[in-house]
Engineer: 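Once you've had a glance at the structure underneath, I'll fire off some questions.
Keep in mind it's a predicted model, so treat the numbers as computed, not measured.
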Amino acid sequence: MLLGTACLALLVSGCANVSYYFQSVSGQLDVWRRERLIEDVIADPATAQALKDRLARVLDIRSFASREVGLPDNASYRRYADLGRPYVVWNVFAAPEFSVQPLQSCFLFAGCVSYRGYFLREEAERYSAGLEAQGHDIYIGGVPAYSTLGYFADPVLNTFVHFPEAEIARLIFHELAHQVAYARDDTVFNESFAVAVEQEGVRRWLARGGDTKQREQFERGRRARAEFASLVQKHRERLDALYRTRLAPDAMRVRKREILAELEAEYGSLKSQWGEYSGHDRWFASKPNNAQLASVVAYSQLVPAFEALLAREGGNLSGFYAAVKSLAALPKDERDVRLAALLPVGDKWLMRRDGYGKTD
């Protein structure tokens with residue numbers, strides 16, 4: 001997830017939406033005020049032993065990220081901050097009532113992304129209320145970590161430090177991947193690449209030191225996430241087809257509700273095959289809508305293409321990263337063609353793009 005570059009823009013631009021940049025700067029400054037070197041936190045007699053043990057493992061993961069996964073060896077994830085809340089930011093996704101394409105928010109350094117992040121939930125809700133009043137579908141999702149694309153050193157946070165070890169590794173690998181390659185105005189490219197890196201990184205991490213139970217849990221979670229993303233994409237395509245028809249708005253709303261209800265029903269059936277895994281239950285706690293579906297697709301749509309590219313490089317991460325950087329440097333239309341060629345035949349329909357709306 002990307003956010004922190006927004007705070008740079010306030011310093012160098014006269015953007016009309018000063019209030020958003022102000023909360024970004026304020027939120028980032030608050031994180032910095034709370035940061036301490038992990039070694040100092042571990043050495044502090046007041047630190048709980050459980051946190052000391054976990055932070056020691058985080059340092060191992062951080063070292064592994066650069067040494068074995070080829071991710072940047074810098075100051076990121078070498079400091080710790082307790083924010084006193086469950087998420088560092090809340091992402092707001094929005095989409096028109098009859099469109100599967102998310103609205104875009106554009107920033108000076110990060111370019112355009114398909115969400116807007118807020119350090120305070122109240123601010124996210126205030127922004128969402130304005131979009132909802134315009135008739136848009138809204139989804140607010142809490143986020144445990146974000147990337148500043150290497151402009152600043154990103155910290156380890158209380159929002160994820162007590163996750164299962166493989167999940168901590170997944171988050172750190174994902175966020176560091178954003179520092180390796182980044183394509184402006186292409187959220188799906190950036191997030192799908194980071195997901196491919198996180199999955200390969202965790203496989204290597206567990207192969208080195210994980211036990212059988214950890215490997216089985218990770219693989220079960222990976223399969224569940226992939227199946228969930230495929231389920232969401234399936235129903236998103238159905239909605240897309242519906243929105244292209246000439247149905248009257250009232251009839252369109254009825255059919256939209258039916259498709260989303262069928263998504264929930266199919267999830268219940270799919271979940272029964274996952275055993276104890278229930279990682280997506282919270283997602284269904286609020287009734288799914290266009291914006292919520294977009295929040296999933298952004299992180300999954302092109303993962304198969306990046307996996308195919310890594311396989312083409314024989315699993316060599318250096319070659320893989322070089323190829324991804326070359327793709328990121330291409331014009332978007334050409335990049336899309338190259339990615340489509342990498343996708344398995346059954347997934348090539350994923351590359352259809354219809355453009356995005358834009359928010360100021």
Engineer: Check for a donor-acceptor pair, side chain of R54 on one end and backbone N or O of F163 on the other, with a separation under 3.5 Å.
Structural biologist: yes

Engineer: May I ask you to check whether Y115 and Y139 place their ring centres under 6.0 Å from each other?
Structural biologist: no

Engineer: Would you call E68-R204 a salt bridge at under 4.0 Å N-O?
Structural biologist: no

Engineer: Verify the ring-centre separation between F173 and W205: is it less than 6.0 angstrom?
Structural biologist: no

Engineer: With no hydrogens and no angle check, is any side-chain donor or acceptor of S300 less than 3.5 Å from a backbone partner on A229?
Structural biologist: no

Engineer: So F320 and F193, would you call those rings parallel, tilted or perpendicular, with 30° and 60° as cut-offs?
Structural biologist: tilted

Engineer: Any chance you could lay out the side chain to side chain contact (heavy atoms under 4.5 Å, CB included) test for R338 and R335, step after step, and finish with the verdict?
Structural biologist: CA-CA 5 Å; R338 300 278 186 93; R335 181 166 63 243; 5.8 Å; no

Engineer: Considering the options I61, V195, V202, which one meets the side-chain contact (heavy atoms from CB on, under 4.5 Å) requirement together with R170?
Structural biologist: V202

Engineer: For R220, is there an ion pair with E216 - N to carboxylate O distance below 4.0 angstrom?
Structural biologist: no

Engineer: Classify the ring geometry of Y118 against Y20: parallel below 30°, tilted from 30° to 60°, perpendicular beyond 60°.
Structural biologist: perpendicular

Engineer: Do Y146 and F119 have ring centroids that are under 6.0 Å from one another?
Structural biologist: yes

Engineer: Hey, is E165 close enough to R57 for a salt bridge, meaning N to O under 4.0 Å?
Structural biologist: yes

Engineer: So, does S272 use its side chain to make a donor-acceptor pair with the main chain of S269 at under 3.5 Å?
Structural biologist: yes

Engineer: Under 3.5 Å, side chain of T159 to main-chain N/O of Y87, donor-acceptor pair present?
Structural biologist: no

Engineer: I need the full list of ring pair (Phe, Tyr, Trp, His ring centres under 6.0 Å) pairs touching residues 240-272, with sequence neighbours left out, sorted by first then second residue.
Structural biologist: F98-Y243, Y267-W274, Y267-F284

Engineer: Could you verify whether a donor N or O on one side chain and an acceptor N or O on the other, from E307 and Q199, lie under 3.5 Å apart?
Structural biologist: yes

Engineer: Among the clusters formed by ILVMFWY side chains lying less than 4.5 Å apart, do L309 and L330 turn up in the same one?
Structural biologist: yes

Engineer: Is a salt bridge present between E39 and R78, judged by a nitrogen-to-oxygen distance below 4.0 Å?
Structural biologist: no

Engineer: Show which side-chain atoms of residues 255-262 pair as donor or acceptor with protein atoms under 3.5 Å away, not counting sequence neighbours.
Structural biologist:
| from | atom 1 | to | atom 2 | distance (Å) |
| --- | --- | --- | --- | --- |
| R255 | NH1 | E258 | OE1 | 2.9 |
| K256 | NZ | E97 | O | 2.9 |
| K256 | NZ | D137 | OD1 | 3.4 |
| K256 | NZ | D137 | OD2 | 2.8 |
| E262 | OE1 | R238 | NH1 | 2.7 |
| E262 | OE1 | R238 | NH2 | 2.7 |

Engineer: Between R236 and D240, does any side-chain N to carboxylate O distance fall below 4.0 Å?
Structural biologist: no

Engineer: Is L37 linked to L83 within one hydrophobic cluster, defined over Ile, Leu, Val, Met, Phe, Trp and Tyr using a side-chain heavy-atom separation of less than 4.5 Å?
Structural biologist: no

Engineer: Can R222 and E219 be counted as an ion pair, charged N to O under 4.0 angstrom?
Structural biologist: yes

Engineer: For the backbone of P102 and the side chain of S114, can you confirm whether one donor and one acceptor N or O come within less than 3.5 Å of each other?
Structural biologist: no

Engineer: Check the hydrophobic clustering (I, L, V, M, F, W, Y; side-chain heavy atoms under 4.5 Å; chains of links allowed) and say if I138 and L120 are grouped together.
Structural biologist: no

Engineer: Would you call R36-D44 a salt bridge at under 4.0 Å N-O?
Structural biologist: yes

